[in-house]
Amino acid sequence: MKVLALDTSNQPMSVALLDDQQVVAQKTTTTQLNHSVQLMPTVVQLMADVDWQPAMLDRIVVAQGPGSYTGLRIAVTTAKTLAATLNIELVGVSSLRVLAAGATESTGIISPLFDARNTQLYAGAYRFENGELVTVLPDQHTNLEAWTKALAQLKEPVTLVGETTRFHDDLVAALKDQVSFVEGDLNLPNAGILGQIGLKMAPITDIDGFVPNYLRLSPAEAQWAAAHPGETHTNYVEEV
Amino acid sequence: MAQERELILAFETSCDETSVAVVENGNRILSNFVATQIKSHQRFGGVVPEVASRHHIEEITIGIHKALTEADVTVADLTAVAVTYGPGLVGSLLIGVTAAKTFAFAHQLPLIPVNHMAGHIYAAHYVEPFSFPLLALLVSGGHTQIVLMTAADQFEIIGDTRDDAAGEAFDKVGRVLGINYPAGKEIDRLAHEGHDVYDFPRAMIHEANYDFSFSGLKSAFINKVHNAEQRQETLNRADLAASFQASVVDVLVAKVSAALEKYPVQQLVLAGGVAANHGLRDALKETLATRYPQTRLVAAPLPLCGDNAAMIGAAAHVELADKHFAKMDLNADPSLEFAWQA
């Protein structure tokens with residue numbers, strides 16, 4: 001099975017091609033270049049490197065979030081458009097799970113984090129059990145205080161992965177020697193790993209309905225929901 | 001031998017409409033899927049960019065599928081893919097740009113980048129072929145411009161608003177009257193029931209240029225209403241709407257007339273969301289008939305005044321002939337503008 005895996009959920013970008021579990025081409029960038037500018041040329045280049053045509057692809061695997069709203073939409077739009085128009089399979093994987101899956105040395109809890117500005121963050125908690133990555137705490141939009149409390153209550157060693165730099169000192173202060181950090185590239189998304197996770201999952205059935213897992217309402221929607229309790233808001237978009 | 005069909009799959013997501021169309025030979029609409037988000041944004045009194053982006057990604061592949069199905073064409077029949085890459089809301093534009101690039105890559109089709117404002121002008125091309133030079137009055141929520149076209153792909157701004165766009169003024173005044181966005185249609189309706197009794201200012205109407213200003217009119221309107229409220233007077237809503245609309249229309253007609261004195265063209269294109277305004281259409285028609293009989297009004301059809309991908313496909317037809325193609329690094333350009341006349 002030929003797989004294209006895409007992750008633009010945060011500042012880094014990672015793209016990989018897999019032939020079953022084997023990664024045959026991969027590129028990850030960490031610079032601030034715009035994903036809209038970078039993503040498709042990277043896909044074109046990697047496909048050319050291995051001499052694949054778009055019609056040869058069997059499955060698209062995309063990091064579905066959480067992450068930067070605009071960033072997520074670049075890869076998710078690409079993924080759902082490709083899957084729909086080529087009539088191939090589509091799989092969405094948690095952007096946090098991809099990071100956790102890279103921390104293979106960890107024997108305890110693995111907590112991937114994305115910086116969501118101020119003291120806000122997106123975080124999850126995972127653990128390897130018999131070689132499988134299982135969810136300990138679901139992905140969530142949270143804040144530093146609540147998340148360190150939740151991790152402390154697990155009373156196990158925690159390995160932190162991802163955008164930890166800005167929170168490093170606070171995490172050490174709160175979790176003391178319970179906490180450790182992975183080094184270097186392990187903090188970056190890895191589309192090869194993303195593809196390998198996605199290969200084991202069942203494809204989604206509703207490609208048109210596939211959207212990012214933002215894990216958070218837009219501020220306007222949140223205010224509106226607060227002012228209109230109980231109102232079920234679907235169907236606001238109309239075909240004319 | 002049957003003539004080969006040129007089929008363009010066009011995308012438009014610059015603001016709050018997700019639209020995908022199939023256009024044949026630049027002048028025939030085979031399909032024009034439009035999903036509007038108006039009801040969603042009415043909850044907030046105007047377009048909220050993040051909400052708009054989220055709706056676009058929900059609709060985009062539905063649009064592709066429906067546009068192709070309704071046009072009864074397959075991917076193999078297509079000649080090219082076209083997309084609006086600006087101006088507009090960046091997050092909204094990115095959904096169309098990303099989907100169009102991806103579709104073009106998937107099927108190895110050329111990708112044509114289209115300026116949204118050129119698209120608006122080319123909505124009028126469905127009425128009759130263009131003959132150059134022509135003038136276009138572009139009036140929408142984001143723009144108020146007079147554009148000189150010397151050729152099918154040559155657009156030069158000769159007049160522009162110094163502050164608010166005309167459509168923006170309609171929405172702001174609408175808010176004061178308790179009319180939800182987009183307020184143009186309701187103000188137009190009310191205006192026909194009232195009279196221009198308040199004599200609002202006609203900004204810049206006597207200046208020797210083709211530029212506009214609508215923020216003073218908006219302030220004059222708001223002051224009029226607030227002063228009346230303080231005196232506990234009730235002003236007639238229809239007269240307010242009529243007075244406001246008369247000021248906007250008078251200025252637009254005066255500036256277009258001045259442009260026609262300098263450029264006695266055969267066609268005046270009227271396009272953009274505010275081009276649907278009946279007061280404006282009627283006033284321009286009458287002005288041309290009485291003062292500029294050599295110039296025909298070519299108004300965009302009412303269903304194509306708002307944002308839609310059919311107009312993008314028509315504009316792309318011209319770019320395809322010129323082989324103006326984009327590469328896979330095409331990005332959204334939210335502040336894309338035509339150049340000013342040199």
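This one's a predicted model, so the numbers in the text were calculated from it and none came from an experiment.
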Among Met328(B), Glu59(B), Glu58(B), Arg54(B), which residue forms the greatest number of heavy-atom pairs with chain A at distances under 4.5 Å? Arg54(B)
Is the shortest side-chain heavy-atom distance between Glu221(A) and Phe44(B) below 4.5 Å? yes
If I measure from the heavy atoms of chain B, does Thr77(A) come under 4.5 Å with its side chain, its backbone, both, or neither? both
Scanning both residues in full, the closest heavy-atom pair of Thr81(A) with Ile64(B) reads CG2-CD1, 4.0 Å
Heavy-atom distance under 4.5 Å to chain A: side chain of Leu330(B), backbone, both or neither? backbone
NZ/NE/NH1/NH2 to OD/OE distance under 4.0 Å, Arg43(B) and Glu231(A): no
Quick one: are Thr36(B) and Val237(A) in side-chain contact, heavy atoms under 4.5 Å? no
Can you see which heavy atom on Ala106(B) is nearest to which on Pro54(A), and at what distance? O-CB, 3.6 Å
Interchain contact, Gln108(B) with chain A, by part (heavy-atom threshold 4.5 Å): side chain
Between Phe105(B) and chain A, which part of the residue has a heavy atom less than 4.5 Å away: side chain, backbone, both or neither? both
If one checks every heavy atom of His107(B) against chain A at 4.5 Å, the contacting part turns out to be side chain
By a 4.5 Å heavy-atom criterion (distance strictly below it), what part of Val34(B) contacts chain A: side chain, backbone, both, or neither? both
Check whether Ala84(A) gets within reach of chain B through its side chain, its backbone, both or neither, counting any heavy atom under 4.5 Å. side chain
N-O pairing of Glu239(A) and Lys66(B) below 4.0 Å: yes
